[in-house]
Amino acid sequence: MYTTSSPPTSHIKTRFLILSDTHSFDPVHNTNNDAPYRLPLPKADVLLHCGDLTMIGLLEEFEGALSMLERIDADLKLVIAGNHDISLDEPYYARKGRYMQGKRFEENMPRRARELWTGERARKAGVTYLEEGLHSFVLSNGASLRVYASPYQPAFCDFAFPYARNEDRYNLPHQCSPGAKPIAENPVPDWQESKGVDVVMTHGPPASVLDAVRPGDHVGCEHLMRAMRRCKPKLHCFGHIHEGWGAQKMGWAEGTELDVRTPNDHVKETRPIVVDQKRMKDERAVHVDISAGGDQLKSGRETLMVNASIMSVRYEPVQGPWLVDMDLEPASNG
């Protein structure tokens, strides 16, 4: 297990390994030594997988994804679903599962898939499957971790976990954009009320952040962006848009959220993370240090945004995981 020593402050340096959109590909099968997504993946305190574990949500695909996660050296492994993991969205599966899976459709597959991700095998592997909402953990290094998770994203080719573009899933009615329809069942908390959410895991990106499918064509969610400005997590990780792979450090604009009209109004400053391709291949990940010992993040004022899609737009596993070092509060202070 990766271990760190506490800096001479009240914070505990914690390492996160971030993956998304692995789409049933296991690095054990990667014989290309130039591909960063190959074994052994770096050790970490916490693994974050931001969805699209599979191509079409078959049970054997989920079993393969769990086998892949079992081989990763991390005490805590947090997983959310994505739009391709269709049998984990039971209402969607009842409506579209037979069409999407054809002869492999099983009415009880949502139950079997959920039992796999919440059962004994997953627990022994350190895997925790996250439903939408806020979750708290005490890590083995003594740190407290607060995570907001959601597998939902704007409707995309009629896949799972959808909502309409004019529906706001993340903000309360008085926090929504003008004209948006509030549908939040588990709204994202404000930074002040939550005592600081450390990590937000969503499958889809916020608007205008690592979400371009072609130059000038952004498909992220403006309502999620609005919620991130309220929440101001240390880390927001996602995937979904394969061609958006990358990371950037975002400084939040001052002012009132209700005055914001466009995604760009949320942002004061954006600094892309420059990737050393050779080092990424050698170390099997892109390493970013936003702890007190590195490019320290200003809590409540900045967020590291990471699109961790392993697959390229052509579904080739050529994009590297992200390895992020970050300071967390001790559990005793939580």
Handout entry: Candidate pair R95 and D158, rule salt bridge (Lys or Arg N to Asp or Glu O under 4.0 Å), full reasoning
Key = CA-CA 11 Å; R95 177 172 64 88; D158 201 13; 3.4 Å; yes

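By the criterion of side-chain heavy atoms lying less than 4.5 angstrom apart, applied directly or through intervening Ile, Leu, Val, Met, Phe, Trp or Tyr residues, F238 is not grouped with I241; the two fall into different hydrophobic clusters. The hydrophobic cluster containing Y129 also contains Y148, counting ILVMFWY residues as joined when their side-chain heavy atoms lie under 4.5 angstrom apart, directly or transitively. Cluster membership check: L48 shares its hydrophobic cluster with L297, using side-chain heavy-atom separations under 4.5 Å among Ile, Leu, Val, Met, Phe, Trp and Tyr. Residues V199 and L304 fall within the same hydrophobic cluster, defined by Ile, Leu, Val, Met, Phe, Trp and Tyr side chains chained together at heavy-atom separations under 4.5 Å. With hydrophobic clusters built from ILVMFWY side chains whose heavy atoms lie under 4.5 angstrom apart, Y170 shares a cluster with I183.
Under the rule for a side-chain hydrogen bond (donor to acceptor under 3.5 Å, both in side chains), the partners of Y93 that lie at least two apart in sequence or sit in another chain are Q101. Judged as a ring-ring contact (aromatic ring centres under 6.0 Å, His included), and not counting sequence neighbours, the contacts of H203 are H240. Considering only residues two or more places apart in sequence or on other chains, D295 meets the salt bridge (charged side-chain N to carboxylate O under 4.0 Å, His left out) condition with K249, R271. Take R114 and apply the salt bridge (charged side-chain N to carboxylate O under 4.0 Å, His left out) test, not counting sequence neighbours, and it matches E131. Under the rule for a salt bridge (charged side-chain N to carboxylate O under 4.0 Å, His left out), the partners of D282 that lie at least two apart in sequence or sit in another chain are K278. T128 meets the side chain to side chain contact (heavy atoms under 4.5 Å, CB included) test with L76, L78, L130, F137; sequence neighbours excluded. In terms of the salt bridge (charged side-chain N to carboxylate O under 4.0 Å, His left out) criterion, residue partners of E115 (sequence neighbours excluded) are, by chain and number, R111. Under the rule for a side-chain hydrogen bond (donor to acceptor under 3.5 Å, both in side chains), the partners of E283 that lie at least two apart in sequence or sit in another chain are R279. Checked against ring-ring contact (aromatic ring centres under 6.0 Å, His included), H23 has the following partners two or more places apart in sequence or in another chain: H84, H242, Y315. Residues passing the side-chain hydrogen bond (donor to acceptor under 3.5 Å, both in side chains) test with S87, sequence neighbours excluded: none. For R123, the side-chain hydrogen bond (donor to acceptor under 3.5 Å, both in side chains) partners at least two apart in sequence or on another chain are E120.
Among the candidates L328, I12, V46, the single residue satisfying the side-chain contact (heavy atoms from CB on, under 4.5 Å) test with N141 is I12. Partner I18 forms a side-chain contact (heavy atoms from CB on, under 4.5 Å) with one of V286, L235, L323 and no other, that one being L235. In summary, of the residues considered (F159, Y152, Y92), a side-chain contact (heavy atoms from CB on, under 4.5 Å) with N83 occurs for F159 alone.
At a threshold of 4.0 Å, the pair D34-K281 does not count as salt-bridged, since none of the basic side-chain nitrogens sits closer than that to a carboxylate oxygen. A salt bridge links D198 with K234: at least one charged nitrogen is closer than 4.0 Å to a carboxylate oxygen.
Here L172 sits alone; no ILVMFWY side chain lies under 4.5 Å from its own, so it joins no hydrophobic cluster.
For the residue pair S144/E329, the side-chain donor-acceptor check at 3.5 Å is not satisfied. Of the N and O atoms on the side chains of D85 and T54, at least one donor lies less than 3.5 Å from an acceptor on the other residue. Between the side chains of D75 and S140, at least one donor N or O sits under 3.5 Å from an acceptor N or O. With no hydrogens or angles considered, a side-chain donor-acceptor pair links R121 and S67 at under 3.5 Å. For the residue pair S20 / H49, no side-chain donor-acceptor distance below 3.5 Å is found, with atom types taken as modelled.
Between W322 and W245, the gap from one ring centroid to the other is short of 6.0 Å.
Classified by interplanar angle (parallel below 30°, tilted 30° to 60°, perpendicular above 60°), the ring pair W117/F62 is perpendicular.
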